[in-house]
Structure formats: C-alpha cells, structure tokens
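Below is one structure, written out as structure tokens; the observations come after it.
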Amino acid sequence: MRLITNVNSLQIFQLIRFSATFMTGILLTKSQLNVSQIGDYETFIFIGGAVNFFWVSGIINGMLALFKTKEASEIKTDSSFIFNTFCLSMMLTVISVAFFALFGDSVCNWLRPGKSLPMRNLVLLFILFSSPSYLIEYILLLHQKNIQILIYGTTVFFTQMLAITIPIFLGYPLEYALWSLIGMNLIKFIILLFLVGKFSTITFNTIIFKQLLLFSAPLMLTTLLSGSIDYVNGIIISRNFDSASFAVFRYGARELPVTLLLATAMSTALIPMVAMNSKAGA
C-alpha cells in the first residue's frame, strides 16, 4: 500500500509540474509579449535545461537505486547519503555554470547566429539554483513524505506560474519575469538545503561520493544519448530560424504526454524498491 502511495504521489506531482508549465505557456501567449519575446523566454528555458538534463537525471536515478541498499548499509553511509548526493549535484552544477560563464557567448552565437540572447547572465543564476533543486521531490519520496510532495508541487509550481506571468500582465518587460523565475528557483534551493539538513548528517564521505558518481555516470550517458533528440531539434530550429519561429516550434511540438508522465513517474518510484529487493535477494 505504501508503494502505491509513493507511485501515485510522484505521478500527481509530475502532472502538477506539467500543468503549471503548460498553463504558463498559454498565459504568455495571451499577454502583451510578441512571438519573438516569447521565443526569447523559451530559449532561456531551453538553454537552462540543455546543460543539465542528462546529469540531473543520472544523479536522481543513481540516488534512488543506491539509497539504503546493502552496499550503503555496509559502509555506513545512510546518514550522510543525501548530503553527498547534494555535493555531487552541486559539483556538476558549478561545472555547468563555469562552462556557460566561459563559453556562453560562443554557445549563444552558435545557437543563434547573428542574434544575442537577452539577459544571458541570468542563465547562470537559473542554472545555479534550478539544477540541484530537482532533488527535492525525490528526497521526499525516499523518506515516504507523500503528502509533502503534493503540497510542495502544488504550492511551488503554481506560485512559479504566477511569478512569471503577473509581471508580464502588469506591463513589465520580460526581464522581470525571468528574475521572478530565478527567485522561485532560489526558494526551491533553500528548501533543498533545509531537507538536506533534516534528512542527512553534514559529513562528506569520499566512498559514497565516488560510488554515486561511478554508478550515475553511465546513467547520465544513457540519458544524454536517449533524451537529447528534443534539444537537437531545438538547436536546428534556433540556428536556422528567428526567435518567433523558435517559439512556434516549442509550442507546436509540445504534446500532452499524460500517459508518458504517469509511466515515467511509476518506473522512477519503483527504482528504490527494486534496488532494495534485488540486493536483499543477492
């Protein structure tokens, strides 16, 4: 019964996330922003996701598979497991931010030939706060906090939707909406710090850090190879068309993947149980 609750809570959470994102897009199209400005917003989100989607997914799946397994218990890393997962996430976040800080202009020029990305430096803050924050719902999942997952998802994502769209409808430029988005991700980052402190001892353990890195690395590569098609398509459109066309592409290619979201959430929620049972059987 507990497993079913875990699965359902994560499925509902993913539906909440998608619904808020979908409604944000609808509201932006009803605002005074022109199609080109919406394209700039979508490019901002696109770049922020492109630099972290694969390693975030790899760390999450690695964390779910290793949490409270036989190996983790043997090396007594349960109490600091979440903290070391956070450390790995922050390490890769800093690398991503440093890469974009050094090569951001080149990336933007290559991605949008002859066109600059407005407020490029805001992407750095977006990556810094948003990348580690994806751990929140999975930390709650591992500790059976199913009601908290739903409360967190409903509160944060619909507040984020309002934070993005209200400045636009009040007549402020796009930059204010992006600052609001960054502010919401800062709040999520603070929530993550609270959860790390609550559910983990603040002790760096090189054994579990290396174990998690080695376990997650092939998962990162798999996600990069299997999940990059959307970003490849986006790069092709961005390089060959203007911002308005990119917005049309992003909204036109957006589907209603309800079944896929539910199936993915279910398989993700099952990872800890499968891992624990397989280790126990071994």
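Heavy atoms only: backbone and side chains are in, while hydrogens, waters and symmetry mates are out.
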Which pairs count as side chain to side chain donor-acceptor pair (under 3.5 Å) when at least one residue sits in residues 175-186, sequence neighbours excluded?
E175-W179, N185-K188
Are any side-chain N or O atoms of S200 and backbone N or O atoms of G197, one a donor and one an acceptor, separated by less than 3.5 Å?
no
Is it true that, when you exclude M91 itself, more than 12 heavy atoms of the residues, nucleotides or ligands shown sit nearer than 6.0 Å to its CE?
yes
S96: side-chain hydrogen bond (donor to acceptor under 3.5 Å, both in side chains) partners, not counting sequence neighbours
W55
Main chain of I208, side chain of N84: is a donor-acceptor contact present, judged purely on distance under 3.5 Å?
no
For S79, does its backbone N or O pair with a side-chain atom of T201 as donor and acceptor, under 3.5 Å?
yes
Ring centres under 6.0 Å, that's the criterion: do Y138 and H143 meet it?
no
F204 ring center within less than 6.0 Å of F209 ring center
yes
I'd like to check the ring pair (Phe, Tyr, Trp, His ring centres under 6.0 Å) partners of F158; sequence neighbours left out, ordered by chain and number.
none
Counting only pairs under 3.5 Å, give me each side-chain donor-acceptor contact of residues 212-225, with atom names and distances, residues two or more places apart or in other chains.
| unit_1 | atom_1 | unit_2 | atom_2 | d |
| --- | --- | --- | --- | --- |
| S216 | OG | G58 | O | 3.4 |
| S216 | OG | L212 | O | 2.8 |
| T222 | OG1 | P218 | O | 2.8 |
| T223 | OG1 | L219 | O | 2.9 |

Which residues pass the ring pair (Phe, Tyr, Trp, His ring centres under 6.0 Å) test with Y134, not counting sequence neighbours?
none
Working for side chain to side chain contact (heavy atoms under 4.5 Å, CB included), residues L92 and N52
CA-CA 8 Å; L92 295 177; N52 66 16; over 6 Å; no
Applying side-chain hydrogen bond (donor to acceptor under 3.5 Å, both in side chains), name anything that partners S89, two or more places apart in sequence or on another chain.
none
Has I147 got more than 12 heavy atoms of other residues, nucleotides or ligands less than 6.0 Å from its CD1?
no
How close do Q32 and Q37 get, counting heavy atoms only, and between which atoms?
O-OE1, 4.3 Å
Sequence neighbours excluded, every pair satisfying salt bridge (charged side-chain N to carboxylate O under 4.0 Å, His left out) that has a member inside residues 204-221:
none
Should the ring pair F86 and F189 be called parallel, tilted or perpendicular, given that the plane angle runs from 0 to 90° and is split at 30 and 60?
tilted
Residues that I190 engages under side-chain contact (heavy atoms from CB on, under 4.5 Å), provided they are two or more places apart:
L186
Hphob cluster co-occupancy, I95 + F129, side-chain heavy atoms under 4.5 angstrom:
yes
All pairs passing salt bridge (charged side-chain N to carboxylate O under 4.0 Å, His left out) where residues 9-36 contributes a residue, at least two apart:
R17-E137
For L102, all residues meeting side-chain contact (heavy atoms from CB on, under 4.5 Å), sequence neighbours excluded:
none
Restricting to side-chain contact (heavy atoms from CB on, under 4.5 Å), what partner residues turn up for A50, sequence neighbours left out?
Y231
Please determine whether side chain to side chain contact (heavy atoms under 4.5 Å, CB included) holds for the pair L28 and Y41, giving the CA-CA distance in whole Å, both sets of side-chain angles, and the decisive distance to 0.1 Å.
CA-CA 10 Å; L28 289 179; Y41 169 81; 3.6 Å; yes
side-chain contact (heavy atoms from CB on, under 4.5 Å) filter on L195, not counting sequence neighbours, yields I136, I139, L140, I191, F199
Heavy-atom closest pair, residues L162 and P167
O-CD, 4.0 Å
Identify the two heavy atoms, one from L27 and one from F169, that lie closest to each other, and give their separation to 0.1 Å.
O-CZ, 3.4 Å
